[in-house]
Amino acid sequence: MKSYNIAVIGGDGTGPEVTREAIKVLDAASQKFGLKLDYTFYDFGGDRYLRTNEILPDSAIEELRRFPAILLGAIGHPDVKPGILEKGILLRMRFEMEQYINLRPVKLFDERYCPLKDKKPEDIDFVVVRENNEGLYTGSGGFVFKGTPNEVAVQESINTRRGVERCLRYAFEYTRKRAKNNKLLLCGKTNVLTYAFDLWERTFHEIGAKEYSDITREYAHVDATTMWFVKNPEWFDVIVTDNMFGDIITDLGAMIQGGMGIAAGGNINPKGTSMFEPIGGSAPKYTGKNVINPLAAICAGQMMLDFLGETTAAKAIETAVIKAVREKLHSLAAGKMGYTTSQVGDLIASLL
Ligand code: IPM
Ligand code: MN
């Protein structure tokens with residue numbers, strides 16, 4: 001029997017509730033497919049910070065590195081100033097464990113959940129490969145003359161050849177492995193960000209021409225990309241982009257696949273510890289009410305199994321989710337599903 005040690009960080013708000021349902025489904029899948037998942041729970045998040053004044057213990061990252069995968073609920077607490085937990089927990093984990101890819105599939109499971117007119121599941125099925133360790137997210141920058149009328153705030157976008165190249169390589173390999181349309185689109189802003197996206201574009205074509213001639217290379221500016229997400233989502237296969245643009249376009253991506261209730265992502269270190277999470281936030285107003293949609297967390301669990309190489313079990317979870325959203329759920333929105341949070345978990349587990 002194959003067994004895996006999984007770290008679980010429920011985190012803030014509805015994070016613990018949705019993670020619980022993800023584990024319920026993972027356990028049901030494990031039983032059916034002869035796997036064993038051993039969980040270690042960590043209480044990192046806003047409540048712990050407010051109680052102990054410690055964001056992450058120094059030992060945390062070293063400890064987490066011992067796991068092949070982490071399942072994360074949500075980070076963000078209404079009583080903690082924005083940025084502290086996000087930078088101190090989520091971004092720190094992404095950076096220090098070198099999870100340099102943020103993989104975000106955009107897949108519509110049922111047309112009822114799509115806000116776009118006449119778009120069907122076959123029209124919305126693409127993947128965003130978001131660079132996850134650089135760009136505007138490194139925290140590089142600062143203030144001069146802070147608090148005065150002459151104040152200057154600088155926030156720098158860091159793009160290294162090494163960081164850009166490894167992200168692009170991952171995207172090319174992923175496109176090849178996906179074998180759908182063998183099309184990789186670089187999403188950037190070469191007309192304005194003439195340094196950063198010059199590096200991205202040069203590297204893209206250089207390694208693409210040399211090593212990935214089987215993959216069609218395309219380019220679109222980020223503003224045009226958002227337009228086509230709405231107008232022609234069927235044009236996309238795999239999209240690769242920087243950290244900030246990837247953050248923004250994947251919220252739009254989440255909406256066209258049915259909303260934050262269903263959108264999942266993986267923070268991937270192909271050779272280290274990867275972390276899987278629903279991409280929505282901690283939803284404080286729904287906390288503890290048993291109304292939040294746990295499907296995004298369940299899909300994060302599914303991505304985790306897939307990443308661990310348990311592709312059959314992962315596929316079974318996806319099939320169960322598709323069946324549930326097509327035949328059972330009334331809506332994917334919190335409180336409108338026709339099921340409680342825990343009932344959705346039970347439903348998916350029973351459909352496996
Ligand atoms: C996401 C989130 C995070 C990000 C925040 C919470 C720091 O929006 O995972 O997309 O910007 O990456
Ligand atoms: Mn985001």
Side-chain angles (χ1 to χ4, degrees), residues 9-16 18-19 22 44-47 49 55-56 69-106 126-141 155-159 163 167 187 222 225-226 229 239-269 273-287 292-293 295-297 299-301 303-304:
I9 306 171
D12 299 319
T14 50
V18 296
T19 315
F44 309 142
D47 287 333
Y49 170 63
I55 303 177
L56 262 191
I70 303 168
L71 189 64
L72 173 69
I75 297 293
H77 194 289
D79 302 333
V80 181
K81 186 172 172 245
I84 295 182
L85 302 170
E86 290 83 348
K87 276 188 167 175
I89 301 179
L90 182 61
L91 298 183
R92 186 159 168 221
M93 292 194 295
R94 287 178 181 171
F95 290 161
E96 290 192 20
M97 286 184 271
E98 279 197 77
Q99 294 160 346
Y100 62 86
I101 297 298
N102 197 324
L103 192 65
R104 296 187 161 179
V106 178
F126 61 88
V127 177
V128 177
V129 176
R130 164 185 174 189
E131 200 291 321
N132 211 30
N133 278 177
E134 300 194 337
L136 283 165
Y137 275 71
T138 65
S140 175
Q155 196 93 43
E156 289 158 331
S157 174
I158 304 297
N159 300 265
C167 175
C187 163
V222 63
T225 304
T226 62
F229 267 28
I239 299 173
V240 62
T241 190
D242 82 351
N243 208 340
M244 186 85 260
F245 292 163
D247 176 49
I248 297 168
I249 67 173
T250 54
D251 266 25
L252 181 54
M255 284 303 125
I256 65 172
Q257 74 180 120
M260 288 301 179
I262 192 83
N267 301 275
I268 312 280
N269 176 339
T273 302
S274 294
M275 177 167 74
F276 298 84
E277 54 174 335
I279 85 167
S282 53
K285 73 173 176 186
Y286 297 122
T287 302
I292 195 79
N293 188 345
L295 285 175
C299 291
M303 287 183 76
M304 181 177 83

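Predicted model, so just to flag it, every value in this text is computed and none were measured. Just so you know, ligand 1 is whichever comes first in the structure, and atom 1 is the first atom listed for that ligand.
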- prompt: Does any N or O in the side chain of Ser282 come within less than 3.5 Å of the main-chain N or O of Gly76, such that one atom is a donor and the other an acceptor?
  reply: yes
message: Determine whether Gln99 and Ile268 satisfy the following criterion, side-chain contact (heavy atoms from CB on, under 4.5 Å), listing intermediate values before the conclusion.
response: CA-CA 5 Å; Gln99 294 160 346; Ile268 312 280; 5.9 Å; no
query: Got Arg130 and Asp247 here, is their nearest side-chain heavy-atom distance under 4.5 Å?
result: yes
- prompt: Can you list the steps and then say if Leu85 with Leu90 is a side-chain contact (heavy atoms from CB on, under 4.5 Å)?
  reply: CA-CA 7 Å; Leu85 302 170; Leu90 182 61; over 6 Å; no
- prompt: If you draw a sphere of radius 2.8 Å around the Mn ion (ligand 2), how many protein N/O/S atoms end up strictly inside it?
  reply: 1
field: Under 4.0 Å from ligand 1, counting heavy atoms only: the protein residues, by chain and number
entry: Glu86, Leu90, Arg94, Arg104, Arg130, Tyr137, Asp247
task: Look up atom CD1 in Ile75 and atom CD in Glu277, then write down how far apart they are to the nearest 0.5 Å.
output: 8.5 Å
- prompt: How far apart are the C-alpha atoms of Ile101 and Cys167, what are their side-chain angles, what is the distance that settles it, and do they pass the side-chain contact (heavy atoms from CB on, under 4.5 Å) test?
  reply: CA-CA 7 Å; Ile101 297 298; Cys167 175; 4.0 Å; yes
task: Give me the one residue out of Asn133, Val129, Val128, Asn132 that meets side chain to side chain contact (heavy atoms under 4.5 Å, CB included) with Asn102.
output: Asn132
- prompt: Taking the six-membered ring of Phe44 as reference, does the NZ or CZ atom of Arg92 fall below 6.0 Å from its centre and within a 45° cone about the axis?
  reply: no
query: side chain to side chain contact (heavy atoms under 4.5 Å, CB included) with Met275: which of Asn269, Leu72, Leu71?
result: Leu72
